[in-house]
Protein chains: 2
Amino acid sequence: MQISTTTSPGITRADTVFTDLRQRIVEGDILTGSKLSEPELAKYYDISRSTLRDALSRLEGSGLLQRKANIGYRVVTLSTEQLLEIFRVRESLEGMACRLAAQNMTSKQIEDLKHLLEVHNQYESLQQGEAYIQEEGDLDFHFCIVMGSGNKLLIRLLCEELYFLVRMYRYQFGMASPRAKRAFSEHHHIIQAIEDQDGELAEILMRRHISASRKNVEKRMNTL
Amino acid sequence: MQISTTTSPGITRADTVFTDLRQRIVEGDILTGSKLSEPELAKYYDISRSTLRDALSRLEGSGLLQRKANIGYRVVTLSTEQLLEIFRVRESLEGMACRLAAQNMTSKQIEDLKHLLEVHNQYESLQQGEAYIQEEGDLDFHFCIVMGSGNKLLIRLLCEELYFLVRMYRYQFGMASPRAKRAFSEHHHIIQAIEDQDGELAEILMRRHISASRKNVEKRMNTL
DNA sequence: CAAAGTTTGATTGTCGACAATAAATAAATT
DNA sequence: AATTTATTTATTGTCGACAATCAAACTTTG
């Protein structure tokens, strides 16, 4: 694969490969648990191993790859237990983010969030089966709220690390959940609490929302 | 500076430099906000730029360095607002960790934790002025509890990222706090709750403990 | 035949050099 | 003289090659 040769300002080859690899890993194009061959990948992107390793090390920092000295990089393996760990951490962090969002979000940000929800609702109404878009839209919603919290650390931990892992799990385990309608309703209530600047309620609703998702996952685990 | 030339198994040169640089950054030997010159550092450690960059990219993943394309790495700058952000995130994550610890810690782990607290208490009794050790010991305490939670994600986020940032702040801003005696007492109560397997109380106490530390920081900020 | 040891092959770790970009200095123009 | 433009210098990005380590195939030995 040829990386775009047009010299974009401030965007390095390693940046491009990093983003592309991240997408391929998240979407399951590169399988979980599989080992990455540096010579092979470098040849694929037509770059040197140096710049490839630059991209790989950043993917490790994002939690998508694991590295062992003298052995190499592997895509992180997804255990159900680790997925539940992520949900529990999200419950804690996003509850906090939602409380902060209720205090800090501007009216314009809230309007954008409402608009996002409306678009997702239309999608869901139109094409009933496409839970795919709904699930991706769910993360968009959470993404906006975390951004609205204004807490840079939360933004880094959630938007730049955990959310990619969550998306990875969804692609891996399939994402057709029966929670679409209910999730939409929950999102609506959360926005209302944010608009009312009721941080306490916003936190509770968000925690409950994520907790319900976790239980939904647990239920489906047991049936397997 | 010469890196140890004895070929340790599974430990690469980049590993050694990574650990050493991390310590130098945390302890303020390399100033916050300062730019890192790759040629200079490579010469200092007597290694090539490639292995140095390997170490630097990992430090970026730890949140200690920031990188801009074509410009280079800088040590992260510490604003008081960001420090407070860390405390708020810790309050959330460590509260959760403490609740899990109350459910999961083995009796041996609890004994070790008690022993740790006893040692710290003796240090404090003996040398009154050495708040230095007390503060480092405080993080040891928190470290043990997070490890005892058994949640690998929490361990990664707290023990491998945030705690190094916290230590960095303490070195930077000085760490002589008047909370030594009170903190010891709070630690004692937290252990008791863990031993009683009272997760709910353990979480509340831990959150209160960290919240008090944060307020202590805020108070000292205002006096500056 | 099984298990230990050896050899071969491939992969990662490390290196130094060149190319592309940014920073600093010098020159030129208004 | 101040600002803009050119030129020079230094730093980062990228490359290919060699050394060290690991994995696998083969041989040897009990």
Side-chain angles (χ1 to χ4, degrees), chain A residues 1-22 24-25 30-31 33-62 64-77, chain B residues 1-22 24-25 30-31 33-62 64-77:
Chain A
M1 181 194 185
Q2 278 279 17
I3 291 297
S4 91
T5 171
T6 57
T7 47
S8 309
I11 294 181
T12 165
R13 260 175 266 261
D15 288 326
T16 311
V17 173
F18 166 72
T19 305
D20 190 77
L21 271 175
R22 183 173 61 182
R24 287 173 65 191
I25 292 170
I30 300 177
L31 295 177
S34 65
K35 185 176 175 320
L36 301 186
S37 163
E38 293 182 7
E40 190 180 320
L41 275 177
K43 195 176 174 186
Y44 176 83
Y45 286 110
D46 195 28
I47 57 176
S48 75
R49 273 183 56 224
S50 303
T51 76
L52 174 71
R53 282 162 70 87
D54 191 342
L56 293 182
S57 69
R58 276 189 258 175
L59 286 167
E60 186 190 11
S62 303
L64 293 174
L65 296 184
Q66 290 174 322
R67 182 186 187 184
K68 282 184 183 172
N70 295 314
I71 292 181
Y73 291 94
R74 298 192 89 87
V75 179
V76 70
T77 54
Chain B
M1 181 192 183
Q2 278 279 14
I3 291 298
S4 91
T5 171
T6 57
T7 47
S8 309
I11 295 180
T12 166
R13 259 176 268 261
D15 288 327
T16 312
V17 173
F18 166 73
T19 306
D20 190 76
L21 269 175
R22 184 173 61 182
R24 287 175 64 192
I25 292 170
I30 300 177
L31 295 177
S34 65
K35 181 174 177 325
L36 301 186
S37 163
E38 294 182 8
E40 189 180 319
L41 275 177
K43 195 176 175 185
Y44 175 83
Y45 285 111
D46 195 29
I47 58 177
S48 75
R49 272 182 59 221
S50 304
T51 76
L52 174 71
R53 281 162 71 87
D54 190 342
L56 294 182
S57 69
R58 277 189 257 175
L59 286 167
E60 185 190 13
S62 302
L64 294 175
L65 296 184
Q66 290 173 323
R67 182 186 187 183
K68 282 184 183 173
N70 295 314
I71 293 182
Y73 291 93
R74 299 192 89 88
V75 180
V76 70
T77 53

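Convention: sequence-line order gives letters A, B, ...; per-chain numbering from 1. None of the values given here were measured: they were computed from a predicted structure.
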Using a 4.5 Å cut-off on heavy atoms from C-beta on, say whether the side chain of A:Arg22 contacts that of A:Phe18.
yes
When the nearest nucleotide of DNA chain D is assigned to A:Asp54 and to A:Asn70 on a heavy-atom basis, which residue is associated with the more 5' position?
A:Asp54
Write down the distance between CG (A:Leu52) and P (D:dT14), rounded to a whole number of angstrom.
12 Å
Would you kindly give the CZ-to-P distance between B:Arg74 and D:dT11, to the nearest whole Å?
14 Å
For a quick test of reading the model, state the closest non-hydrogen atom pair linking A:Ala14 to A:Arg58 and the distance between them.
CB-NH2, 3.3 Å
What's the CG-P distance between A:Asp46 and D:dG16, to the nearest Å?
8 Å
Once rounded to the nearest 0.5 Å, what's the spacing between atom CG of A:Asp54 and atom CG of A:Asp15?
8.0 Å
Given atom CG of B:Leu56 and atom C1' of D:dT11, what is their separation to the nearest angstrom?
13 Å
Under 4.0 angstrom between B:Lys35 side-chain N/O and D:dT12 OP1 or OP2:
yes
To the nearest angstrom, how far is B:Arg53 atom CZ from C:dG16 atom P?
16 Å
A:Ile71 CD1 to D:dT21 C1': how many Å, rounded?
10 Å
NZ/A:Lys35: more than 12 non-hydrogen atoms of other groups inside 6.0 Å:
yes
Round to the nearest Å and state the distance from B:Lys43 atom NZ to D:dT12 atom P.
15 Å
Within the pair A:Ser48 and D:dC15, is there a side-chain N or O less than 4.0 Å away from OP1 or OP2?
yes
Take the protein atom CZ of B:Arg49 and the nucleotide atom C1' of C:dG16, then report the distance between them rounded to whole Å.
10 Å
Regarding the side chain of B:Arg67, the nearest nucleotide among D:dG13, D:dT14, C:dT14 is D:dG13
Please state whether the phosphate of C:dT14, meaning OP1 or OP2, lies under 4.0 angstrom from any side-chain nitrogen or oxygen of B:Thr12.
yes
Residue among A:Leu64, A:Leu36, A:Val17 satisfying side chain to side chain contact (heavy atoms under 4.5 Å, CB included) with A:Leu59
A:Leu64
Looking at B:Ser50, I'd like to know whether one of its side-chain N or O atoms comes within less than 4.0 Å of OP1 or OP2 on C:dG13.
no
